[in-house]
There are 2 protein chains.
Amino acid sequence: MNIEPLLKYMSNFITLSKDEEDILSSKLLYRKYLKGQYIVQHGDVCKYTGFVVSGCTKTFFMDSDGQEHIVMFSIEDWWTSDIGSFITQTPADFNVQCLENTELIMFSQEIIEDLYIRIPKLERFFRQIVEKGLVASQKRIVRSFSLSAKEQYLYFRNEYPKIEQRIPQYMIASYLGITKEFLSKIKSQLILEQ
Amino acid sequence: MNIEPLLKYMSNFITLSKDEEDILSSKLLYRKYLKGQYIVQHGDVCKYTGFVVSGCTKTFFMDSDGQEHIVMFSIEDWWTSDIGSFITQTPADFNVQCLENTELIMFSQEIIEDLYIRIPKLERFFRQIVEKGLVASQKRIVRSFSLSAKEQYLYFRNEYPKIEQRIPQYMIASYLGITKEFLSKIKSQLILEQ
DNA sequence: AGTAAATGTTAAACTAGATTAACATCATTT
DNA sequence: AAATGATGTTAATCTAGTTTAACATTTACT
C-alpha cells in the first residue's frame with residue numbers, strides 16, 4: 001500500500017501531523033483494477049471516491065440513443081468517481097471504467113464522515129478540492145459555449161498533452177462532444193494549415 | 001439588515017448557536033443594488049460572494065465576437081458571484097448584473113477565512129454548498145451533451161418556472177446557448193404540437 | 001395618448017457538425 | 001504470417017441551429 005502520492009498531494013493544501021497521517025492511512029482502502037474493469041456502474045450508489053496512484057480511467061454516460069459520452073479522464077494525482085452520486089448517495093449517472101491497469105487509494109463515504117470529525121482539517125482539504133472541481137467544471141461550460149470544436153480540441157491538446165497520448169482518438173472526440181469522423185477532419189485540417 | 005433568510009437557509013446544513021449567529025451577523029455586509037447595477041465586473045477580482053435576499057441577477061461573459069452568454073441566473077435563496085474568481089482571487093471571467101433591484105448578504109473573502117477559524121462549522125457549510133454547485137454544474141454539462149435545444153428548454157421551463165416568468169426570453173435563449181430566433185421557433189413549435 | 005425603446009416573431013439562406021458507408025491502418029492473437 | 005478486431009480516414013449527404021433582415025408587439029416614458 002503506497003499512500004505517499006496522496007500525502008504529497010494533500011500537502012499542497014493542508015499540513016497533517018504524523019498521528020493524523022496514521023489515522024488517515026488506517027482508514028483508506030488500496031485497490032488495484034485491471035484494464036476494462038468498472039469502478040462505478042450507472043445506477044449503483046457510488047460508495048467510494050478514488051485518488052489515482054497509477055493508471056487511467058474514463059467517466060462516461062449513455063444517452064437515450066445508446067451513445068457513450070465521456071465527461072472526464074483521470075490519471076495520476078487526479079480523482080475518479082461519480083462525485084455527484086458519492087456526495088448525495090443517490091444512484092450514479094455515470095460509469096467509471098479503467099482504460100489501463102489502475103491503482104487507487106479509496107475514501108469510503110462512511111469513513112470520510114468519520115474522518116471529518118477526527119481530523120477537522122480534512123473538511124478544509126475537501127472543500128478546497130471540491131472548489132477546484134467546481135471552477136474547472138464552470139470553465140468547461142464556458143468553453144463549450146464560446147469555442148468551436150476545433151478550438152476546443154486545440155485547448156484540450158494544449159492543456160492535457162499527457163492524456164492525449166494515452167487515449168484513443170475516438171474517446172477524445174467523445175470527450176469533446178463531437179464525432180470521431182469530425183475530429184479526424186479537424187486534425188487533417190490542422191495538418192494542412194501549417 | 002435582514003439576515004433571517006440566510007440563517008434559515010444555513011439551518012438546512014448546520015446548526016449555529018446564538019453566539020455563532022451573532023459573530024456571523026457582525027461580519028456580514030448587507031447591500032442593496034438597483035436594476036442594471038453591476039455586482040462583479042469582468043477583469044476585477046471578486047472580493048465578495050452574495051446570498052440573494054430579494055431580486056434577481058444574471059452572471060454572463062462576452063465571447064470573442066462580443067456576444068453575451070449567460071451562465072446563471074440567481075434569485076432569492078441562491079448565491080451570486082464569480083465563484084471561480086472569488087475562490088482563487090484571480091480576475092473575474094464573468095460579469096454579474098442585477099436584472100431587478102436586489103438585496104444581498106455578502107461574505108468577503110478575507111472575512112470568510114477568518115470565520116472558518118472562529119466558526120469551524122462554516123467550513124462544513126461551504127463544503128456542502130460548493131458540493132451542490134459542483135453536482136449542478138456537472139449535470140448541466142451532461143444536459144448540454146445529451147439534449148437537443150428543445151429538450152433543454154423544456155428542462156429549464158420545468159426546473160425553474162419562477163425564473164422563466166421574471167426574465168426576458170432572449171436572456172433565456174442566451175442561457176440555453178441558442179439564439180433568440182431559434183428559441184422563438186421552438187416555442188411556436190411547442191404550441192403547434194399540443 | 002403618443003412616441004421611442006425594448007422585446008418577440010417569421011422566413012429565407014447558410015454553416016458547423018452529424019450521419020452513413022466504404023475503406024485503410026495498426027495491434028494482438030493464434 | 002495470417003487473421004481478427006480495434007482504431008482511424010475520407011467523402012457525400014443531411015440537419016439542427018445560425019444569420020440576416022424585415023416586421024410585430026409590448027413596455028416605459030413624456
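The chains referred to below are lettered A, B, ... by the order of the sequence lines, with proteins before strands, and numbering in each begins at 1.
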Worksheet entry | CA sep, side-chain torsions, deciding dist, call: A:Y155, A:R143, side-chain hydrogen bond (donor to acceptor under 3.5 Å, both in side chains) | CA-CA 9 Å; A:Y155 176 87; A:R143 289 197 300 277; 3.3 Å; yes

Atom [atom1] of [X] to atom [atom2] of [N]: distance rounded to whole Å?
X: A:L176; N: C:dA16; atom1: CG; atom2: C1'; result: 15 Å
X: B:K35; N: C:dA5; atom1: NZ; atom2: C1'; result: 12 Å
X: B:Q67; N: D:dG17; atom1: CD; atom2: P; result: 16 Å
X: B:I178; N: D:dT19; atom1: CD1; atom2: C1'; result: 14 Å
X: A:F145; N: D:dG17; atom1: CZ; atom2: P; result: 14 Å
X: A:L147; N: C:dA16; atom1: CG; atom2: P; result: 15 Å

Distances under 3.5 Å between nitrogen or oxygen atoms of protein and nucleotides 5-11 of chain D:
{"from": "D:dT7", "atom 1": "OP2", "to": "A:Y170", "atom 2": "OH", "distance (Å)": "2.6"}
{"from": "D:dG8", "atom 1": "OP1", "to": "A:Q169", "atom 2": "N", "distance (Å)": "3.1"}
{"from": "D:dG8", "atom 1": "OP2", "to": "A:Q169", "atom 2": "N", "distance (Å)": "2.8"}
{"from": "D:dG8", "atom 1": "OP2", "to": "A:Y170", "atom 2": "N", "distance (Å)": "3.1"}
{"from": "D:dT9", "atom 1": "OP2", "to": "A:Q169", "atom 2": "NE2", "distance (Å)": "2.6"}
{"from": "D:dT9", "atom 1": "OP2", "to": "A:S184", "atom 2": "OG", "distance (Å)": "3.1"}
{"from": "D:dT9", "atom 1": "O5'", "to": "A:S184", "atom 2": "OG", "distance (Å)": "3.3"}

Fill in: Salt-bridge criterion met for B:E100 and B:R166 (N-O under 4.0 Å)
yes

Worksheet item: Can B:D77 and B:K8 be counted as an ion pair, charged N to O under 4.0 angstrom?
Response: no

Worksheet, complete the sentence: Heavy-atom closest pair (B:I119 atom, B:E20 atom, distance to 0.1 Å) is CD1-O, 3.6 Å

Response to the item:
Residues A:H69 and A:S174: closest non-hydrogen pair is CA-OG, 3.5 Å

Practice prompt. Without swapping roles, check the side chain of A:Q67 against the backbone of A:S64 for a donor-acceptor pair under 3.5 Å.
Written response: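 Absent.
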
Worksheet item: Between A:F51, A:F125, A:Y48, A:W79, which is the residue that forms a ring-ring contact (aromatic ring centres under 6.0 Å, His included) with A:F107?
Response: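 Exactly one candidate clears the test, A:W79.
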
Discussion item. Can you see if the side chain of B:S148 gets near the phosphate of D:dA16 - specifically, an N or O under 4.0 Å from OP1 or OP2?
Written reply: no

Sort me out a list of protein N/O and nucleotides 25-28 of chain C N/O pairs below 3.5 Å, or just none if empty.
none

Practice prompt. Would you check if A:L99 and A:K35 make a side-chain contact, meaning some heavy-atom pair closer than 4.5 Å?
Written response: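 They are not in side-chain contact.
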
